[in-house]
Amino acid sequence: QVELVESGGGLVQAGGSLRLSCVVSGSIFSIGVMGWYRQAPGKQRELVARITSGGTTNYADSVKGRFTISRDNAKDTVSLQMNSLKPEDTAVYYCNAGVRRPDTFIFTDYWGQGTQVTVSS
């Protein structure tokens with residue numbers, strides 16, 4: 001069993017900052033790509049940012065220059081620093097990780113339960 005637990009969401013005014021964190025726990029052999037996705041009401045879930053085990057990152061165009069993704073491989077955690085937040089960043093943010101368990105050779109996608117981020121204008 002693998003579990004992802006997010007923290008750090010909340011309410012912030014436009015222009016403010018929030019930091020999201022996600023810890024992966026359970027039966028883990030290795031973790032591949034980790035990322036953050038978000039889903040606003042009435043919209044599809046979309047990629048915000050992701051990072052490989054080697055540290056290569058990519059971002060959605062809408063957040064480039066404002067958000068920074070990072071990970072700590074020793075602690076199995078991924079974080080998302082969000083600066084200059086805008087009302088359109090309001091969404092439920094989900095942590096995602098590709099995890100290889102000790103009993104398999106494949107990586108499986110796991111998701112956190114989501115954390116609400118609300119940006120007021």
Side-chain angles (χ1 to χ4, degrees):
Q1 186 74 2
V2 174
E3 186 178 25
L4 278 64
V5 178
E6 300 118 333
S7 60
L11 172 65
V12 65
Q13 288 189 332
S17 298
L18 281 175
R19 184 177 181 85
L20 305 182
S21 294
C22 173
V23 58
V24 185
S25 63
S27 182
I28 301 166
F29 182 82
S30 65
I31 302 175
V33 178
M34 306 180 81
W36 290 93
Y37 290 72
R38 66 187 181 187
Q39 187 166 18
K43 295 188 176 181
Q44 289 189 333
R45 189 174 298 189
E46 63 175 3
L47 172 70
V48 176
R50 59 188 173 194
I51 183 169
T52 68
S53 57
T56 300
T57 59
N58 66 288
Y59 297 89
D61 288 342
S62 59
V63 307
K64 282 180 181 177
R66 300 187 298 122
F67 291 11
T68 302
I69 189 170
S70 61
R71 67 188 282 171
D72 185 332
N73 292 330
K75 297 182 179 179
D76 294 336
T77 60
V78 61
S79 298
L80 185 69
Q81 178 65 42
M82 305 186 293
N83 298 328
S84 303
L85 282 160
K86 304 175 181 179
E88 50 264 44
D89 294 318
T90 295
V92 177
Y93 283 69
Y94 296 91
C95 176
N96 169 265
V99 178
R100 179 186 166 189
R101 300 195 317 269
D103 59 341
T104 181
F105 292 102
I106 64 171
F107 285 83
T108 301
D109 264 352
Y110 290 90
W111 294 88
Q113 79 286 356
T115 184
Q116 177 69 46
V117 171
T118 303
V119 184
S120 63
S121 56

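Computed over heavy atoms, backbone and side chain alike; hydrogens, waters and symmetry mates excluded.
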Measure the shortest side-chain to side-chain distance between Arg50 and Thr56 over non-hydrogen atoms and say whether it is less than 4.5 angstrom. no
Which residues pass the salt bridge (charged side-chain N to carboxylate O under 4.0 Å, His left out) test with Arg19, sequence neighbours left out? none
Nearest non-hydrogen partners of Ser84 and Ser17, listed with the distance: N-OG, 4.4 Å
Quick one: OG1 on Thr108 to CZ on Arg100, what's the gap to the nearest 0.5 Å? 11.0 Å
Determine whether Leu20 and Ile69 fall in the same hydrophobic cluster, where Ile, Leu, Val, Met, Phe, Trp and Tyr are linked whenever their side-chain heavy atoms lie under 4.5 Å apart. yes
Is the side chain of Arg101 donor-acceptor paired with the backbone N or O of Ser27 at a distance under 3.5 Å, no angle test? no
Partners of Lys43 by salt bridge (charged side-chain N to carboxylate O under 4.0 Å, His left out), sequence neighbours excluded? none
In terms of heavy-atom contacts, Ala97 and Ile31 come closest through CB-CG2, 4.2 Å
CD on Gln113 to CG on Leu4, rounded to 0.5 Å: 8.5 Å
Pairing residues for Asn73 by the side chain to side chain contact (heavy atoms under 4.5 Å, CB included) criterion, not counting sequence neighbours: Arg71
Is there side-chain contact between Val78 and Leu80, with at least one heavy-atom pair below 4.5 Å? no
Hey, could you give me the CD/CD distance between Gln44 and Gln39, rounded to the nearest 0.5 Å? 8.0 Å
Go through the structure and list residues passing side chain to side chain contact (heavy atoms under 4.5 Å, CB included) with Val12, not counting sequence neighbours. Leu18, Leu85, Val119
Distance col, row Cys22:SG vs Met34:CE, nearest 0.5 angstrom, shows 5.5 Å
Val48 vs Tyr93 side-chain heavy atoms within contact, under 4.5 Å: yes
Is there any ring-ring contact (aromatic ring centres under 6.0 Å, His included) pair reaching into residues 28-84, and which pairs are they, with sequence neighbours excluded? Tyr37-Trp111
Please, which pairs that meet salt bridge (Lys or Arg N to Asp or Glu O under 4.0 Å) have at least one residue in residues 31-40, sequence neighbours excluded? Arg38-Glu46, Arg38-Asp89
Interatomic spacing from OH in Tyr94 to CZ in Arg45 - rounded to 0.5 Å: 5.0 Å
Is there a chain of hydrophobic side chains (I, L, V, M, F, W, Y, each step under 4.5 Å between heavy atoms) that links Val92 to Leu11? no
What are the two closest heavy atoms between Ala40 and Ala91, and how far apart are they? N-CB, 3.8 Å
Can you measure from OG1 (Thr68) to CD1 (Ile51) and round to the nearest 0.5 angstrom? 10.0 Å
Could you report the tightest heavy-atom contact between Gln81 and Asn83, atom names first, then the distance? NE2-OD1, 2.9 Å
